[in-house]
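Here, residue 1 is the first one in the sequence, and each next residue gets the next number.
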Amino acid sequence: MDKKNRVVYGVGGKMMRIIVCDDEISTCAEIEQMLRDFAFEKCIKLEVDIFYDGGGAK
């Protein structure tokens, strides 16, 4: 199973890139949802990389 997911949300010229790293899948999902809501409200294009261990985020 691939432990890294890349998702791009929103439209527009501005881009925010964020890495979320936590071994709890539910925590990553919760943080990603908060980021998605923020990007929607601010009309910001958002790229989220999710890692479930620190080794993949290097």
Side-chain angles (χ1 to χ4, degrees):
M1 182 175 151
D2 184 14
K3 293 188 175 188
K4 178 182 150 189
N5 300 306
R6 176 171 286 170
V7 183
V8 178
Y9 300 104
V11 294
K14 296 181 181 181
M15 169 69 105
M16 182 180 290
R17 292 185 174 108
I18 297 175
I19 293 175
V20 177
C21 183
D22 196 290
D23 59 348
E24 291 292 327
I25 295 172
S26 61
T27 300
C28 290
E30 186 176 338
I31 293 170
E32 184 179 14
Q33 182 62 51
M34 289 188 289
L35 292 169
R36 187 182 331 174
D37 293 343
F38 174 81
F40 180 78
E41 290 174 12
K42 303 296 182 184
C43 297
I44 296 172
K45 194 172 190 179
L46 176 68
E47 181 179 315
V48 180
D49 288 319
I50 297 180
F51 299 91
Y52 301 116
D53 62 52
K58 292 181 181 180

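The salt bridge (charged side-chain N to carboxylate O under 4.0 Å, His left out) contacts involving residues 20-29 comprise nothing, where partners must be two or more places apart or lie in separate chains.
Rounding to the nearest 0.5 angstrom, the gap separating the CZ atom in Arg17 from the CG atom in Leu46 is 10.5 Å. Between Leu35 atom CG and Glu47 atom CD the span is 12.5 Å, to the nearest 0.5 Å.
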Test log, rule side-chain contact (heavy atoms from CB on, under 4.5 Å), inputs Glu32 and Ile50: CA-CA 9 Å; Glu32 184 179 14; Ile50 297 180; 3.3 Å; yes

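For Phe38, the side chain to side chain contact (heavy atoms under 4.5 Å, CB included) criterion is met by Met16, Lys42, Ile44, not counting sequence neighbours. Legend: residues meeting side-chain hydrogen bond (donor to acceptor under 3.5 Å, both in side chains) with Gln33, ordered by chain and number and at least two apart, are Asp37.
For the pair Phe51/Val20, no side-chain contact is recorded, criterion being any heavy-atom separation below 4.5 Å from C-beta on. Looking only at side-chain heavy atoms (C-beta outward), Ile18 and Asp49 stay at 4.5 Å or farther from each other.
Using a 4.5 Å cut-off between side-chain heavy atoms of Ile, Leu, Val, Met, Phe, Trp and Tyr, with links allowed through other members, Met34 and Phe40 fall into different hydrophobic clusters.
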